[in-house]
Amino acid sequence: MTTRVRFAPSPTGMLHIGGARTALFNWLYARHTGGVFVLRIEDTDHARNTQEAVDVIFKGLEWLGLDWDEGPSKGGNHGPYFQSQRREIYQGYVKRLMDSGRAYEDHGAIRFKFPKQVMTVPDLICGSIQIDLTPEPDMTIVRPDGSFIFHLVNVVDDIEMKITHVIRGEDHLSNTPKHLALYEAFGVPPPAFAHIPLILNRDGSKMSKRDAGAAVGEYLDKGFIPEAVRNYLCLLGWSPKDDSEIMPIEEIIRRFDFPQINRHNARFDMDKLQWMNAKYLATMPPERFNALAMPLLEKAGYLAAARAPSGEEMSPYAQKVLSLVKEKVKQLSDVVDMTVFFFKDDHPRDPEAETKTLKKAGASERLAELRSLLEKTEPWTAAQLESQFKQLAAGKGIKTAEYIHPARVAVSGRGIGPSLYHMLEVMGRDCVLRRLEKLKG
RNA sequence: GACCCCAUCGUCUAGCGGUUAGGACACCACCCUUUCACGGUGGAUGCACGGGUUCGAGUCCCGUUGGGGUCGCCA
């Protein structure tokens, strides 16, 4: 039998990181088993359910590369995939319950009569869980205004959509006996359940919608790359059981299965995500890095001038600049600050670095020596610059660093940055001399 | 409060009765080095607690504590 799993988010205006992880695990299991991943939008009669809110879900899933096989914009034989369009189906199921005496009216609402017994939930991750439904008051399944309650529609849709494995957050574990009772009342064998642990904040508290880092969109905006976020999320609650961490998604798909899923909640560690993101950034092909970073430079206004400070055309210049910082970037958005001095003559300057190196005794003499050296350095390449710097220092009997540090601060305004010689090469002689000259006055 | 789930370094985790308790992030030191990173080497930090079972317990059982979840005419 083909595995059929589903992700059934409610359009709340954000895609929660926990929801994204649930979607990811469903997707992984579908891909691992060669099954079908269904996307169903649980937009049951709610004012907050807007088109924009639905788009946020699509965008988030697409960004993470979690493509669905059936659902909105994909279609399928079990639609419609919006609960708001499935009222007749729910009505039919409710009628069956009424007819069989399993549901009854109560002050205009319809309630489902719970079996007074201990229900056993067989769970692929948590094992066998027993919960007593006896003390539970019968649950409402239809409101007086005719709208349906989550538990009812969720079960009905899973039945109708032929879902074989319900993979969802552990917050649903306690509700599962109610769902089991519904399956029983409909005379349908229930799907297999797999309740996955929750994602908590770094401090162990529950991650709610308002917490920093709770929305997938934030990662997109901050310049995280989707493969890194996805890879990190895979490792939260699932383990390959050896020491593998950064893995291509194909490998994760191959190795993913329920036995390796943990039973305890995990805390979200932004530091580790950042590290992983930096790894992905550093190892990706330069073309892709440039494609991702150029729009940020554009947005920062760096590319507005026709010519770069070096005098050459802007676009090739910007690409060279990016190649200098690629391996130092933690988040893509870092490139804006890291490269500002390559594009703006009036870039910000770090007073601390200037005091430390430029105000140092002998610094202006060094810079003057550098000016005359750089005027005639030929060819203007990193290798040649390096050898010239070294010769100059050797001739004066001092360390090359005595020239390097002032030069760096002089042209960039800060004490840290890419390799100095490569930096100078990219900036070009005119720009470098211009900045040294300006500093003199 | 009742019920359910969970518990290994600060964090993510490996461990499925006998291990010097391993790895990763973060942290510290050193090395590399023109700075910052990267990389390399080394280090500190952990089995929540108390009872059992067993020759032997991080591993099994019970309890306690702690954390999380569920108890809606939210999803």
Base, sugar-phosphate or nothing for [X]? Non-hydrogen atoms, less than 4.0 Å.
X: A:P418; result: base
X: A:G108; result: nothing
X: A:H151; result: base
X: A:Q130; result: sugar-phosphate
X: A:F268; result: nothing
X: A:E136; result: sugar-phosphate
X: A:R414; result: nothing

What interatomic distance, in whole Å, is found between [atom1] of [M] and the corresponding atom of [N]?
N: B:A7; M: B:U64; atom1: C1'; result: 13 Å
N: B:U8; M: B:A24; atom1: C1'; result: 15 Å
N: B:C47; M: B:G22; atom1: C1'; result: 13 Å
N: B:G66; M: B:G72; atom1: P; result: 25 Å
N: B:U13; M: B:C32; atom1: P; result: 38 Å
N: B:U19; M: B:C27; atom1: C1'; result: 26 Å

Look at the side-chain N and O atoms of [X] and state whether any lies under 4.0 Å from the OP1 or OP2 oxygen of [N].
X: A:T140; N: B:C73; value: yes
X: A:R143; N: B:A75; value: yes
X: A:N262; N: B:U13; value: yes
X: A:H264; N: B:C12; value: no
X: A:K279; N: B:G39; value: yes

Minimum-distance nucleotide to [X] side chain [options: [options]]:
X: A:P137; options: B:G72, B:U35, B:A75; value: B:G72
X: A:A266; options: B:A75, B:U13, B:U35; value: B:U13
X: A:L236; options: B:C12, B:G69, B:U34; value: B:C12

Roughly how many Å is it from [atom1] in [X] to [atom2] in [N], rounded to a whole number?
X: A:I246; N: B:G23; atom1: CD1; atom2: P; answer: 18 Å
X: A:E354; N: B:U35; atom1: CD; atom2: P; answer: 20 Å
X: A:F341; N: B:U35; atom1: CZ; atom2: C1'; answer: 11 Å
X: A:Y421; N: B:U35; atom1: OH; atom2: P; answer: 10 Å
X: A:F114; N: B:C71; atom1: CZ; atom2: P; answer: 10 Å
X: A:N175; N: B:C74; atom1: CG; atom2: C1'; answer: 11 Å
X: A:H422; N: B:C38; atom1: NE2; atom2: P; answer: 18 Å
X: A:R168; N: B:U70; atom1: CZ; atom2: P; answer: 12 Å

- Query: Is the backbone N or O of A:P197 less than 3.5 Å from a side-chain atom of A:E170, with the two atoms forming a donor-acceptor pair by type?
  - Reply: no

Does any N or O donor sit under 3.5 Å from an N or O acceptor when you compare the side chain of [X] with the base of [N]?
X: A:K241; N: B:A14; result: no
X: A:S239; N: B:U13; result: no
X: A:R267; N: B:U11; result: no

- Test ring pair (Phe, Tyr, Trp, His ring centres under 6.0 Å) on A:W27 and A:F256 and set out the steps. CA-CA 10 Å; A:W27 180 84; A:F256 184 86; 9.6 Å; no

- Message: Can you confirm whether A:D132 sits close enough to A:M119 that some side-chain heavy atom of one is under 4.5 Å from a side-chain heavy atom of the other?
- Response: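 They are not in contact (no side-chain heavy atoms under 4.5 Å apart), so the answer is no.
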
- Does the side chain of A:D157 reach to within under 4.5 Å of the side chain of A:R86, using non-hydrogen atoms?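 They are in contact (side-chain heavy atoms under 4.5 Å apart), so the answer is yes.
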
Write down the partner of [N] under the Watson-Crick or G-U wobble criteria, each distance required to be under 3.5 Å.
N: B:U70; result: B:A2
N: B:A44; result: none
N: B:G39; result: B:C31
N: B:A57; result: none
N: B:G10; result: B:C25

- Message: Please compare A:K178 and A:L235 by the position of their nearest nucleotide in RNA chain B and report the one closer to 5'.
- Response: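 Counting from the 5' end, the first nearest nucleotide belongs to A:L235.
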
- By nearest-heavy-atom nucleotide on RNA chain B, the more 5' of A:S174 and A:I131 is A:I131

- Message: For a quick check under 3.5 Å, do A:H179 and A:H151 share a side-chain donor-acceptor pair by atom type?
- Response: yes

- Task: Step by step, work out the side chain to side chain contact (heavy atoms under 4.5 Å, CB included) result for A:D334 and A:V336.
- Result: CA-CA 5 Å; A:D334 293 344; A:V336 174; over 6 Å; no

- Assess whether atom CD of A:E352 is packed by more than 12 heavy atoms of other residues, nucleotides or ligands within 6.0 Å.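 No, the 6.0 Å shell around CD holds no more than 12 heavy atoms from other groups.
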
- Message: More than 12 heavy atoms of other residues, nucleotides or ligands under 6.0 Å from NZ of A:K399: yes or no?
- Response: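 No, not enclosed.
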
